[in-house]
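Step one of this worksheet: look at the structure below.
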2 protein chains.
Amino acid sequence: MDDLETRELRYFVAVAEELHFGRAADRLGIAQPPLSRAIRQLEHRLGVQLLDRDRRGAALTDAGRVLLREARTALDAVAAAARRTRRAGDPTRPLVLVTKAGASHELLQRLLDAVAGTTPVEVLLCEVGEQAHRLRDGQADVAIMHRPVDDLAGFDTVDLHTEGQVAILPAAHPLAARDQLTLAEVSDVPNLPIARWPRLDGTYPDGPGPEVRTQSQLAQLVALGRTLLVIPASSRAWQWPEHVAVPVVDAPHITTVLAWPPGSRSPALAALVRTAAGLCEGYRNAESATHPTQEAPST
Amino acid sequence: MDDLETRELRYFVAVAEELHFGRAADRLGIAQPPLSRAIRQLEHRLGVQLLDRDRRGAALTDAGRVLLREARTALDAVAAAARRTRRAGDPTRPLVLVTKAGASHELLQRLLDAVAGTTPVEVLLCEVGEQAHRLRDGQADVAIMHRPVDDLAGFDTVDLHTEGQVAILPAAHPLAARDQLTLAEVSDVPNLPIARWPRLDGTYPDGPGPEVRTQSQLAQLVALGRTLLVIPASSRAWQWPEHVAVPVVDAPHITTVLAWPPGSRSPALAALVRTAAGLCEGYRNAESATHPTQEAPST
DNA sequence: AAGCCCTGATACCTGGCGGGTATCACGGCG
DNA sequence: CGCCGTGATACCCGCCAGGTATCAGGGCTT
């Protein structure tokens with residue numbers, strides 16, 4: 001019937017994340033009773049139980065888990081609407097491009113040089129896996145991402161460049177002397193386990209490797225001889241003197257792509273996409289000409 | 001700062017679509033003054049002018065056009081959150097599959113047969129181009145769509161089948177006697193112009209062909225000898241006795257895909273996707289194994 | 001030119017509801 | 001057995017969404 005309000009979604013997300021009405025209310029800056037009432041009303045309106053209350057907190061039901069995921073994307077979309085509208089009203093707005101720190105540095109440099117003077121571009125750096133979120137919630141207009149490692153669902157893209165991967169090893173490690181490696185050799189080095197990244201919900205998968213959250217943590221761990229990693233050959237801007245890169249011959253190739261929210265039609269974005277496509281003409285995947293999710297936005 | 005409420009977005013969308021405060025207020029079931037005030041507050045909060053007021057109505061500014069697009073997707077996301085949550089709380093829920101009427105009928109039949117008894121599936125038929133919207137706003141869980149004609153941006157997909165296209169002609173037309181045609185021959189038959197479909201905003205592109213909105217309108221127009229169309233070979237369930245299908249040898253191949261919102265993890269959906277992929281093993285594009293937007297949802 | 005009409009804007013009132021405080025119910029635990 | 005910490009309930013208050021009445025002004029007609 002009547003639509004949900006974003007306030008209700010924000011409240012539910014807070015409770016679902018804290019699993020505790022008191023703390024959630026605290027975080028929201030309101031008192032606990034109105035929060036309890038709001039969630040109860042929400043459950044009543046949806047006709048679905050979202051939380052199992054308990055003397056020591058609350059637990060999500062299946063429906064609650066669905067709403068948590070859906071509410072997050074809905075709130076992102078609302079926030080994106082506000083941000084993009086504010087930016088559209090600012091005539092001096094630069095295009096905001098988000099990329100992983102250090103990834104595809106040379107390519108980005110060439111792209112920025114090519115549009116310098118015509119299209120102002122602001123570069124926003126983020127940690128691994130955050131680009132999609134920044135794009136979805138309107139903090140950025142366009143992103144440099146990588147297939148198949150990043151989640152490109154929901155974006156239009158053009159392919160920019162495809163390349164092999166290298167293993168980054170501590171210089172002191174025996175494997176560092178090799179001039180090439182295979183995935184099998186890399187994946188079961190007993191005293192050099194692969195690091196673990198957080199999942200979307202912030203928890204870590206099980207495994208022997210160290211838990212990392214940022215690229216600089218990882219760089220340091222490699223330098224300390226505690227882990228290794230396999231990354232695209234061009235993503236080496238943050239390489240330390242203690243690091244050695246060895247090509248991994250059978251690792252899947254990584255394609256660098258320029259990604260943007262579907263439907264974006266600003267002339268600046270269209271110009272950037274056109275320039276990027278032009279820069280990489282030779283490398284582009286022929287599929288991109290026929291695939292509808294890979295067309296440039298019209299002006 | 002403070003987030004927008006969906007009420008504000010609904011109000012703005014109404015005004016932006018009507019371009020008239022009075023009619024918009026009417027449609028929303030409120031009076032005009034509160035609506036004017038709400039829009040003014042919205043503009044003030046965003047720090048952006050959204051509408052140019054005028055004695056004879058209102059006109060969208062650039063920022064207003066951005067907000068209209070963003071607000072629609074945000075409202076879709078909120079509506080989807082409500083719908084999907086309600087459905088998640090209903091233990092008897094069938095999976096809702098949406099498809100264009102008549103398209104890929106045999107494939108769908110095989111798919112439904114294959115999951116009959118294990119996964120209840122409700123089939124929702126819609127007109128051309130509506131599937132993406134139904135999927136985005138939560139009315140459906142999964143869709144049968146076609147690449148490259150449908151907009152697949154924002155969905156995970158598996159390829160099911162690829163096939164050539166045929167021209168559907170009035171049986172009385174001279175070209176109907178041919179056993180094959182080319183795109184060039186089809187596209188400039190002077191007295192048989194291709195029909196025009198509405199754009200997303202409901203307006204029609206210019207051109208000589210008749211305006212159509214549904215497949216049955218189109219079927220009738222072809223039977224009347226007023227237009228022709230080019231469609232995948234399998235989409236002929238609605239063919240009339242007055243229609244003749246002739247292969248178009250150089251038309252781009254159409255791939256039938258199963259598409260669903262990224263992140264959906266219901267066991268029923270996963271089972272359907274697995275079954276579909278199994279059914280079409282031989283036809284599947286090898287790329288689907290490595291492309292992240294084409295992986296089956298995990299259970 | 002003088003009204004009229006149709007547009008959105010302004011003024012002002014009212015009621016519902018979102019939010020607050022105080023308190024209850026209840027189970028775990030020392 | 002009483003204390004603590006959980007969420008639920010009761011009740012009050014003030015704000016703001018929404019209503020009515022009215023204004024302002026430009027393009028019509030006459």
Side-chain angles (χ1 to χ4, degrees), chain A residues 1-61 63-65 67-68 71 75 78 82, chain B residues 1-61 63-65 67-68 71 75 78 82:
Chain A
M1 329 279 144
D2 43 1
D3 283 301
L4 304 182
E5 287 300 324
T6 63
R7 180 176 44 78
E8 307 180 83
L9 295 179
R10 284 197 305 273
Y11 285 8
F12 174 74
V13 168
V15 174
E17 284 177 357
E18 299 286 346
L19 295 177
H20 188 290
F21 282 74
R23 282 196 300 274
D26 220 29
R27 198 173 102 183
L28 293 166
I30 65 171
Q32 170 258 318
L35 178 58
S36 284
R37 190 180 55 186
I39 300 294
R40 188 156 289 282
Q41 282 175 353
L42 180 60
E43 285 179 320
H44 189 256
R45 282 217 277 156
L46 291 173
V48 164
Q49 190 171 355
L50 300 170
L51 295 158
D52 289 318
R53 276 80 156 177
D54 188 285
R55 306 290 162 265
R56 52 186 161 292
L60 285 170
T61 62
R65 266 181 290 275
L67 183 58
L68 178 56
L75 289 175
V78 171
Chain B
M1 330 275 141
D2 43 0
D3 282 302
L4 304 181
E5 287 299 326
T6 62
R7 180 176 44 77
E8 309 181 82
L9 296 179
R10 283 196 306 274
Y11 286 8
F12 175 73
V13 169
V15 174
E17 285 178 356
E18 299 285 346
L19 295 177
H20 188 290
F21 281 75
R23 281 196 301 272
D26 220 29
R27 199 174 102 183
L28 292 166
I30 65 173
Q32 169 258 318
L35 179 58
S36 284
R37 190 180 55 189
I39 299 295
R40 189 156 288 281
Q41 282 175 353
L42 180 61
E43 285 180 320
H44 190 256
R45 281 217 276 155
L46 291 173
V48 165
Q49 190 172 354
L50 301 170
L51 294 158
D52 289 319
R53 276 80 156 174
D54 188 285
R55 305 291 162 265
R56 52 187 160 292
L60 285 169
T61 64
R65 266 181 288 276
L67 183 58
L68 178 56
L75 289 175
V78 171

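Here is the naming used below: chain letters follow the sequence lines, and residue numbers restart at 1 for every chain. Since this is a predicted model, take the numbers as computed values, not measurements.
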(request) Summarise protein proximity over nucleotides 10-22 of chain D in one line of letters, 5' to 3': B for base, S for sugar-phosphate only, - for none, counting protein heavy atoms closer than 4.0 Å. (result) -------BBBBB-
(message) I'd like to compare against my own output: the B/S/- annotation of nucleotides 24-30 of chain C with a strict under-4.0 Å heavy-atom distance to protein.
(response) --SS---
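Spacing between atom CZ of B:R40 and atom C1' of C:dA9 amounts to 7 Å, rounded to whole angstrom units. What separates CG of B:D54 from C1' of C:dA9 is a distance of 14 Å, to the nearest Å. The distance from atom CG of B:L19 to atom C1' of C:dT7 is 14 Å, rounded to the nearest whole Å. Taking atom CD of A:E18 as the reference point, atom C1' of D:dG5 lies 16 Å away to the nearest angstrom. As rounded to whole Å, 10 Å separates atom P of C:dG19 from atom CD of A:E8. Atom CD of B:E5 is separated from atom P of C:dG18 by 10 Å (rounded to the nearest Å). In this entry the distance linking CG of A:L50 with P of D:dG7 reads 15 Å, nearest Å. Distance, B:D26 CG to C:dC6 P: 14 Å, rounded to whole Å.
Partners of A:A71 under the side chain to side chain contact (heavy atoms under 4.5 Å, CB included) rule, at least two apart in sequence or in another chain, are A:L9, A:V13, A:L67. For A:T61, there are no side chain to side chain donor-acceptor pair (under 3.5 Å) partners at least two apart in sequence or on another chain. Residues passing the salt bridge (charged side-chain N to carboxylate O under 4.0 Å, His left out) test with A:D26, sequence neighbours excluded: none. A search for side chain to side chain contact (heavy atoms under 4.5 Å, CB included) contacts involving A:E8 returns A:L4, A:E5, A:L42, A:R45, not counting sequence neighbours. In this structure, the salt bridge (charged side-chain N to carboxylate O under 4.0 Å, His left out) partners of A:R53, at least two apart in sequence or on a different chain, are A:E43. Not counting sequence neighbours, A:R40 has no partner by the salt bridge (charged side-chain N to carboxylate O under 4.0 Å, His left out) test. For B:A38, the side chain to side chain contact (heavy atoms under 4.5 Å, CB included) partners two or more places apart in sequence, or in a different chain, are B:Y11. Legend: residues meeting salt bridge (charged side-chain N to carboxylate O under 4.0 Å, His left out) with B:R37, ordered by chain and number and at least two apart, are absent.
Using a 4.0 Å cut-off, some side-chain N or O of B:S36 falls inside it from OP1 or OP2 of C:dA9.
Across A:I39, A:L46, A:L35, a single residue satisfies side-chain contact (heavy atoms from CB on, under 4.5 Å) together with A:F12, and that is A:I39.
A:A31 and A:P34 make their closest contact through O-CD, 3.4 Å (heavy atoms, listed as atom of the first residue, atom of the second, distance).
Within the helix from C:dC4-D:dG27 to C:dG30-D:dC1, the inter-axis angle between the opening and closing five-pair segments is 10°, rounded to 10°.
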Using residues 15-22 of chain A as the side-chain source, report each donor-acceptor pair under 3.5 Å to any protein atom, sequence neighbours left out, with the distance given to one decimal.
from  : atom 1 : to    : atom 2 : distance (Å)
A:E17 : OE1    : A:R27 : NH1    : 3.2
A:E17 : OE1    : A:R27 : NH2    : 2.8
A:E17 : OE2    : A:R72 : NE     : 3.3
A:E17 : OE2    : A:R72 : NH2    : 2.8
A:E18 : OE1    : A:R23 : NE     : 3.4
A:E18 : OE2    : A:R27 : NH1    : 3.1
A:H20 : ND1    : A:G22 : N      : 3.1
A:H20 : ND1    : A:R23 : N      : 3.0

